[in-house]
Structure formats: structure tokens, C-alpha cells
Amino acid sequence: MSRVFALVDCNNFYASCERVFDPSLASRPIVVLSNNDGCVIARSNEAKALGIPMGAPFHEFKRLADHDKVEVFSSNYPLYGDMSARVMRTLAEFTPDVEIYSIDEAFIDLGHLAGRRPADVARELAQRVRRDTGIPVSVGLGPTKVLAKAANRIAKRNPETGGVLDLDALGPHRDAHLAQIDVKDVWGIGRRWSKRLHEDGIHSALDLREADPHLVRRRFNVVVERIVHELRGFSCLSLEQAVPPKQRIMTSRSFGERVTRYEDMREAISAFTARTAAKLREQKSRAGALMVFIQTSPFNEQEPFYQNGATRQVVPPARDSGDLIAVAQDALEAIWKDGYRYMKAGVMLLDLSPEDVVQERLFGAVDNASESERTKLLGVLDGLNEKMGRGTLHYAAEGDGKAWKMRQDHRSPGYTTRWGELPIARAADTP
DNA sequence: TCTGGGGTCCTAGGACCC
DNA sequence: TCTGGGGTCCTAGGACCC
């Protein structure tokens with residue numbers, strides 16, 4: 001009994017999210033920009049057809065976008081996160097065997113749906129997601145994750161599939177399709193490795209499948225070897241349902257304007273630390289170490305480049321924003337240099353452990369009473385910021401952000417913050 | 001003028017210990 | 001004066017993902 005993996009992938013996810021709330025955007029070219037309105041990170045099919053590439057610096061395509069009346073959006077992550085949760089909930093109604101792989105993708109195990117063809121189930125599932133959330137999805141099916149990914153790619157590129165394709169149902173056409181997938185587009189093969197593979201005469205997914213696994217391991221590593229096995233239909237990557245707690249948590253931003261003053265940078269670092277600490281508490285962890293980094297623009301050749309980071313132990317491991325801000329400010333002081341125009345900075349929490357494991361303090365026992373007071377206070381802080389929007393309550397050290405906040409000139413209007421109060425929107429063309 | 005953010009895994013090499 | 005070998009842990013760097 002072979003298993004059947006399905007990869008469900010939302011089509012042009014961020015662009016589709018914007019469309020759900022504004023039906024007049026249907027069939028119009030849409031691009032969504034990265035933080036700070038820097039790069040293009042999502043495009044509707046119409047924008048793709050105009051030749052706007054993924055990841056391109058937006059300023060290079062601004063004129064084209066103006067000329068062709070492209071709808072431009074700053075990214076709106078609270079909205080996309082809410083829509084993602086709705087999609088994932090809809091999938092979970094179908095089967096409990098769901099691995100949420102990214103904000104817009106999930107793997108599903110369709111191996112034990114007795115008596116039904118997997119592709120039929122997948123089609124029903126895609127229709128349900130579309131009906132309940134307004135988001136169009138594609139589904140690829142195969143005996144391994146790598147093959148399900150490939151199937152999804154084929155489904156997206158071949159409209160006659162209706163967005164659903166089972167690789168094992170292709171029969172003799174299967175290898176022809178795999179031969180058309182460049183090896184760089186195989187899941188897990190990036191730019192570097194695909195270049196080397198091409199040099200070795202391995203150009204397509206089919207070529208890679210036919211390669212000798214031992215040889216591949218010698219020339220590359222176990223990761224690529226696993227991909228060869230997966231392409232052959234031997235599953236090496238399983239469905240990961242229990243999300244392990246993150247091992248590091250980071251907040252970093254490019255600034256809307258270059259930062260030159262120490263006080264402004266200290267505010268930014270404090271705000272990033274507070275945000276990171278909130279994420280830390282969300283997954284119920286403590287941090288045993290903290291890293292701060294700052295950097296100038298690597299693109300500007302007229303100015304000297306400077307980049308530095310400092311890591312500090314946090315003793316004892318902490319979850320309190322105030323404690324972590326103090327450590328972060330100390331780390332910043334060690335790396336700050338006057339005279340540079342800083343473009344970006346960030347804070348990373350490392351050496352994470354479960355929050356309920358408290359190490360003995362070196363001197364004296366932990367004061368349980370004040371510890372539980374502190375926990376209550378942090379709960380109130382996080383609760384308010386979640387309900388009323390980030391930054392409702394913040395530490396004085398964070399300042400007002402005027403000097404460093406990112407640019408977001410094209411943000412969609414405020415349907416975003418309070419999902420629970422929204423009417424449910426439906427795409428115009430669903431039955 | 002304008003170039004994102006947040007993660008993971010694997011490996012090599014050094015420190016340290018017995 | 002000679003000067004082993006193996007294990008573990010940690011870190012940095014390189015690759016990948018969306």
C-alpha cells in the first residue's frame with residue numbers, strides 16, 4: 001500500500017488575498033511588495049504576463065507598473081496570516097493529516113481515504129477551499145513529497161488539469177513531464193547545486209531520478225541523495241505534523257530612512273527586541289542568548305560598508321521584554337560606530353528552552369511570588385497587543401519609531417486587524 | 001533615490017576531555 | 001625527548017526553503 005502525498009499550494013497567495021477583499025481587482029494585474037516596499041514578492045497571473053519578475057527591486061519596474069496600471073500593494077502580513085489560517089482550517093476539516101509547510105502551502109496524507117481516487121478527493125478539497133475562503137489553490141499528488149511538489153508545478157502550468165494532478169495517474173506521460181522540469185526547479189535543489197548538476201550532465205528532474213544515488217552522495221551530499229530517492233518514489237521525507245518549537249526567533253527590518261543617531265538605533269533595537277520577546281512567549285520559551293546586528297547598505301558603493309553583530313548570554317534565561325531589552329542595548333553599545341548611515345538592523349533570540357524549566361539562580365532561590373506577578377503582567381501586555389494591534393502597549397525604550405519605521409506606501413485599507421469582525425467574502429465566480 | 005524577512009539542515013573544524 | 005586516538009560539543013558558514 002503506497003502512500004499518497006498531496007501538496008496544496010495557494011495560487012499567487014498574497015495577490016489572491018488582496019483580491020478576496022476587493023472584487024474589482026479580479027483579472028487585473030497585481031503586485032505585492034516586500035517590507036519597506038523594496039522587492040516584488042507576489043504577482044497575479046496578469047502581472048506575471050507583463051514580465052514583472054519575482055524578487056525584482058520594485059523601482060526598476062515602477063514605470064512599467066504605472067504604464068500598465070498595475071495594482072500595487074505593500075505587504076499586509078496580518079491579513080495574509082488570517083487568510084492562511086482559514087485555508088488551513090478548511091483543509092483540517094477534510095483530514096487530520098495536515099502538515100502546514102508555509103504560509104501558503106500544506107502537505108496532506110491522502111493515503112487512507114478508502115475507495116476514492118485521490119485526485120477526486122483533491123478536486124473536492126480545492127473547490128471547498130475556494131468556496132469557503134475565496135482563495136484558489138492547486139493540488140499535486142504523488143508517492144513522495146518531492147513528487148507531489150513536481151505534480152503541483154505541472155498542475156499550475158497546465159490549465160487543462162483544472163489545477164489538480166496526480167503524477168501516478170499520468171501513465172506513460174509522466175516521464176515526459178519530469179523531463180521538462182529543469183533540475184533547478186526540483187524541490188530542494190537551489191541555484192548552486194543545479195549549476196553543478198548541469199555541469200555533470202544532469203539537466204532535468206528525470207535525469208536526476210536516473211542518477212546513481214551513491215555517486216550523487218559522493219559528489220554532493222546526503223540531501224541531494226535523498227532527493228534522488230524521493231524522485232524514484234521512495235519516501236524519505238515524512239509528514240511532519242507536530243511543529244517543533246523554533247530554535248531561534250528573529251526580528252529584523254530595513255529602515256524607511258537611513259539611521260545615523262545612536263538614540264534612534266537604540267529605540268529600533270528595543271522595539272525589535274520587544275517584538276521578538278512576544279514571539280518567544282507565544283511559543284512558550286525562554287532565551288539563553290541574544291544577538292544584535294546592524295549594517296549599512298551593501299548596495300551603495302559611494303559609502304563605506306559596515307556590518308557587525310554581538311551575541312550576549314542571557315543569565316538566567318529570560319522571557320521578559322524588559323530583561324531582554326537591557327541585554328540587547330548592551331550588545332548594541334559594543335558594535336555601534338558613529339558616522340555610518342545604517343540601513344538595517346535586527347535582533348535574534350537563541351539557545352531557547354521551554355519556559356517552565358527555570359534554572360536555579362546562582363544566588364538565592366527564585367522569588368515565586370514576584371515571578372507569577374510578572375507572568376500575569378506579560379500576559380496582559382501580549383493579550384492587549386494581540387487584540388488591539390501591535391504597539392498598543394509598548395516599552396518607553398521603543399520610542400515612537402518616527403526615525404526608523406519602514407515605508408509602506410501602498411498598504412491595503414484596514415480590513416486587516418480584526419478578522420473576527422469581518423463578514424465572510426466570497427470570490428465572485430464561485431458557485 | 002529606491003534592493004525583504006524569517007527560518008531549517010548539514011558539514012567542517014576547533015576546543016576540550018579522557 | 002618522545003608526542004595517540006577517539007569522542008563530544010560548539011560555532012561558523014554554506015546550502016536550501018517560502
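Letters A, B, ... are given to chains in the order of the sequence lines, protein chains preceding strands, and every chain is numbered from 1. Keep in mind that this is a model prediction, so the values were computed, not measured.
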Single hit among A/Gln329, A/His394, A/Glu398 for side-chain hydrogen bond (donor to acceptor under 3.5 Å, both in side chains) with A/Ser270:
A/Gln329
Identify, between A/Ser297 and A/Met250, the residue whose nearest nucleotide on DNA chain B lies closer to the 5' end.
A/Ser297
Between A/Val223 and A/His59, who's closer to the 5' end of DNA chain B by nearest nucleotide?
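The residue closer to the strand's 5' end, by nearest nucleotide, is A/His59.
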Less than 6.0 angstrom from the centroid, inside 45 degrees of the normal: does A/Lys344 satisfy that with respect to the ring of A/Phe255?
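Pair A/Lys344/A/Phe255 does not count as cation-pi.
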Given the ring of A/Phe220, does A/Arg196 sit roughly above its face, with NZ or CZ under 6.0 Å from the centre of the six-membered ring and within 45° of the axis?
yes
Under a 3.5 Å threshold, yes or no: a donor from one side chain and an acceptor from the other, between A/Glu18 and A/Tyr80?
yes
Would you kindly say whether A/Arg281 and A/Ser321 are connected by a side-chain donor-acceptor distance under 3.5 Å?
yes
Is the distance between the ring centroids of A/Phe293 and A/Trp336 under 6.0 Å?
no
Validation: residues 53-70 of chain A side-chain donor-acceptor distances under 3.5 Å, sequence neighbours left out:
none

Can you check the distance between B/dG4 and C/dC17, where both ends of the measurement are the C1' atom (answer in whole Å)?
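The answer is 15 Å between these two C1' atoms.
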Please find the earliest and latest nucleotides of DNA chain C, in the 5' to 3' direction, that have an atom within less than 4.0 Å of any heavy atom of chain A.
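On DNA chain C, the outermost contacted nucleotides are C/dA15 to C/dC18.
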For the helix from B/dG5-C/dC18 to B/dC18-C/dG5, what is the angle between the axes at its two ends, each from 5 pairs, rounded to 10°?
10°
Got a donor-acceptor contact below 3.5 angstrom from the A/Asp207 side chain to the A/Ser204 backbone?
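Side chain of A/Asp207 to backbone of A/Ser204, a donor-acceptor pair under 3.5 Å: yes, one is there.
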